[in-house]
Amino acid sequence: MLREIERKILNQERINRDEALFLFNSNDLHSIGELAEEVSKRINQNRVYFIVNRHINPTNICVNRCRFCAFSRSKGEPNAYEMSIEEIVKNLKEAKQSLGYLSEVHIVSGLHPDWQFEYYLDIIRQIKKEFPSIAVKAFTAVEIDYFSRIAELSIEKTLLMLKEAGVDIMPGGGAEIFNSEVRAKICPEKISAERWLEIIKTAHSLGIKTNATMLYGHVESYEDRIDHLFRLRQLQDQTGGFLAFIPLSYQPENTDIKVSYPSGIDDLKTIAVSRLVLDNIPHIKAYWIMLGEKLAQLALLFGADCLEGTVIEERIAHSAGARSKRGNTIEELVYLIKEIGKIPIERDSFYNVLRIW
Ligand code: V47
């Protein structure tokens with residue numbers, strides 16, 4: 001079957017579910033990687049993107065206690081925290097000072113039982129007021145659903161208010177694995193796949209670009225991963241609103257799902273198959289925070305074309321035992337990319353080129 005898959009990829013034809021399953025079951029990592037690299041080069045030439053950004057998680061207090069999440073806390077639990085807007089602004093000022101400038105802030109929060117939608121809007125408004133040139137990538141579909149319920153607004157109105165406050169683009173979190181039986185095991189309180197896809201579709205219809213993620217390496221099967229990828233491919237055919245896809249390698253420490261970390265082979269294969277299936281999503285991120293710097297570098301030869309960014313202070317993966325640093329310098333990201341013979345491209349949130357390093 002590999003020959004037929006190769007033929008299809010080289011002729012720019014789509015692979016089907018059975019072929020994707022064949023690739024996941026194959027041990028021929030070199031051939032799969034080579035094909036993914038072929039597609040990556042067709043779309044992004046020899047470029048690898050990164051952004052100068054900072055991640056901020058305003059609170060870890062969350063009414064959804066997903067079983068894979070080591071970051072969330074219930075109100076009153078030890079290590080539960082809440083950030084004031086002043087603290088968030090201070091964090092951004094410090095990041096700007098240490099890096100020289102900042103292109104983007106990535107904001108993902110817990111679903112706080114007491115905070116009003118207005119508080120989340122104020123966070124965005126204040127950031128835009130203090131730092132008008134920093135793009136805001138904020139709030140997953142899961143948070144949008146929560147805001148719409150606490151504020152009793154439609155999804156459309158909720159999104160429009162966030163856009164008006166200054167949200168430029170949305171991150172891809174909360175997708176996990178779309179299969180409902182897997183969701184019932186790993187995140188029973190979280191919105192359904194159908195709701196996640198509906199909210200993202202609405203965002204795209206309002207001109208808000210988003211990313212998409214897939215959390216893999218816990219209790220799901222290869223078939224579940226394929227189902228996830230094909231549902232994303234189908235939505236992208238309709239909207240064209242996804243900028244990047246980020247496979248999230250499961251970090252098991254301090255969580256309720258005790259399995260081993262995904263292997264390096266599984267990480268690289270998942271990146272490569274994602275590149276091959278999602279022929280309509282322009283960018284595949286090797287999220288170095290979860291892969292580790294060294295494997296993320298290799299993933300850039302297996303279909304990935306983006307390293308996310310400097311991040312500065314990662315909390316979600318590190319609560320669950322991520323072995324990478326919490327943040328990186330521009331120089332280190334540039335070094336990782338140059339070492340594999342590709343061109344480091346510093347980008348803005350929409351993948352416009354800011355600087356070729
Ligand atoms: O939605 C939670 C995941 C996500 C664990 O869009 C875990 O540019 C692994 O979505 N092991 C948040 N993953 C991170 C995220 C993200 C990161 C970087 C860039 C972008 C982007 C998005 O982290 C959550 C959840 O799926 N997560 N716990 C864990 N133990």
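Atoms within each ligand, like the ligands themselves, are counted from 1 in listed order.
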For this session: Tell me, please: is L215 in heavy-atom contact with ligand 1, that is, under 4.0 Å?
Result: yes

Problem set entry | Heavy-atom neighbours of E152 CD exceed 12 at 6.0 Å | no

Exercise. Cut-off 3.5 Å, side chains only: do R65 and S74 have a donor facing an acceptor?
Worked result: yes

For this session: Indicate yes or no: does an N/O atom of F68 lie under 3.5 Å from an N/O atom of ligand 1?
Result: yes

For this session: Taking the side chain as every heavy atom from C-beta outward, state whether T59 and S109 have any pair of such atoms under 4.5 Å apart.
Result: yes

Exercise. Does ligand 1 have an atom that lies less than 4.0 angstrom from a heavy atom of A70?
Worked result: no

Seminar exercise, completed: S249 heavy atoms within 4.0 Å reach ligand 1 at atoms 9 (C)

Seminar exercise, completed: Nearest non-hydrogen protein atom to atom 16 (C) of ligand 1, with distance, is H106 CE1, 3.9 Å

Exercise. For ligand 1, is there an N or O atom under 3.5 Å from any N or O atom of T255?
Worked result: no

Exercise. Measuring from the heavy atoms of M170, does anything fall under 4.0 Å of ligand 1?
Worked result: no

Exercise. Cut-off 3.5 Å, side chains only: do T140 and E143 have a donor facing an acceptor?
Worked result: yes

For this session: Could you tell me whether E34 atom CD has more than 12 heavy atoms of other residues or ligands within 6.0 Å of it?
Result: no

Exercise. Counting only heavy atoms not in K201, do more than 12 fall under 6.0 Å of its NZ?
Worked result: no

For this session: Among all protein heavy atoms, pick out the one at the shortest distance from atom 27 (N) of ligand 1; state its residue, atom name and that distance to 0.1 Å.
Result: I316 CG2, 4.0 Å

Exercise. Got the closest protein heavy atom to atom 1 (O) of ligand 1, with its distance?
Worked result: G174 N, 2.8 Å

Exercise. So how far is it from W115 CH2 to I150 CD1, rounded to the nearest 0.5 Å?
Worked result: 11.0 Å

For this session: Check each atom of ligand 1 against the heavy atoms of G173 and keep those under 4.0 Å away; list them by number with element.
Result: 1 (O), 10 (O)

Exercise. What distance separates M170 CE from I199 CD1, expressed to the nearest 0.5 Å?
Worked result: 7.5 Å

Problem set entry | Heavy atom of the protein closest to atom 15 (C) of ligand 1 (residue, atom name, distance) | L248 CD1, 4.2 Å

For this session: Between P252 and ligand 1, find which residue part has any heavy-atom pair under 4.0 Å and reply side chain, backbone, both or neither.
Result: neither

Problem set entry | N or O pair under 3.5 Å between Y287 and ligand 1 | no

Seminar exercise, completed: The answer for which part of V142 has a heavy atom under 4.0 Å from ligand 1 is neither

For this session: Could you tell me whether E164 atom CD has more than 12 heavy atoms of other residues or ligands within 6.0 Å of it?
Result: no

Exercise. Hey, does C66 sit under 4.0 Å from ligand 1 if you only count heavy atoms?
Worked result: no

Problem set entry | Among K325, K294, K338, salt bridge (charged side-chain N to carboxylate O under 4.0 Å, His left out) partner for E332 | K325

Problem set entry | Residue K285 vicinity, atoms of ligand 1 by number, heavy atom under 4.0 Å | 8 (O), 21 (C)

Exercise. Which protein heavy atom lies closest to atom 11 (N) of ligand 1, and at what distance to 0.1 Å?
Worked result: Q251 N, 2.9 Å

Exercise. What about E176: any of its N or O atoms under 3.5 Å from an N or O on ligand 1?
Worked result: yes

For this session: Name the closest protein heavy atom to atom 6 (O) of ligand 1, giving the residue it belongs to and the distance to 0.1 Å.
Result: G172 N, 2.8 Å

Exercise. Can you find an N or O of T213 that's nearer than 3.5 Å to an N or O of ligand 1?
Worked result: no

For this session: Please assess H283 against F245 for the test ring pair (Phe, Tyr, Trp, His ring centres under 6.0 Å), listing each intermediate value before the final yes or no.
Result: CA-CA 6 Å; H283 304 285; F245 175 69; over 10 Å; no

For this session: Begin from the C-alpha positions of Y261 and Y250 and carry the test ring pair (Phe, Tyr, Trp, His ring centres under 6.0 Å) through to its verdict.
Result: CA-CA 6 Å; Y261 288 82; Y250 184 52; 8.2 Å; no

Exercise. Which atoms of ligand 1 sit under 4.0 Å from any heavy atom of P171?
Worked result: 6 (O)

Seminar exercise, completed: If we number the atoms of ligand 1 from 1 as shown, the ones under 4.0 Å from a heavy atom of I246 are 6 (O), 8 (O), 20 (C), 21 (C)

Problem set entry | For A320, atoms of ligand 1 separated by under 4.0 Å from a heavy atom | 30 (N)

Exercise. Does NZ or CZ of R225 fall inside the cone over Y222's six-membered ring, less than 6.0 Å from its centre and within 45° of the axis?
Worked result: no

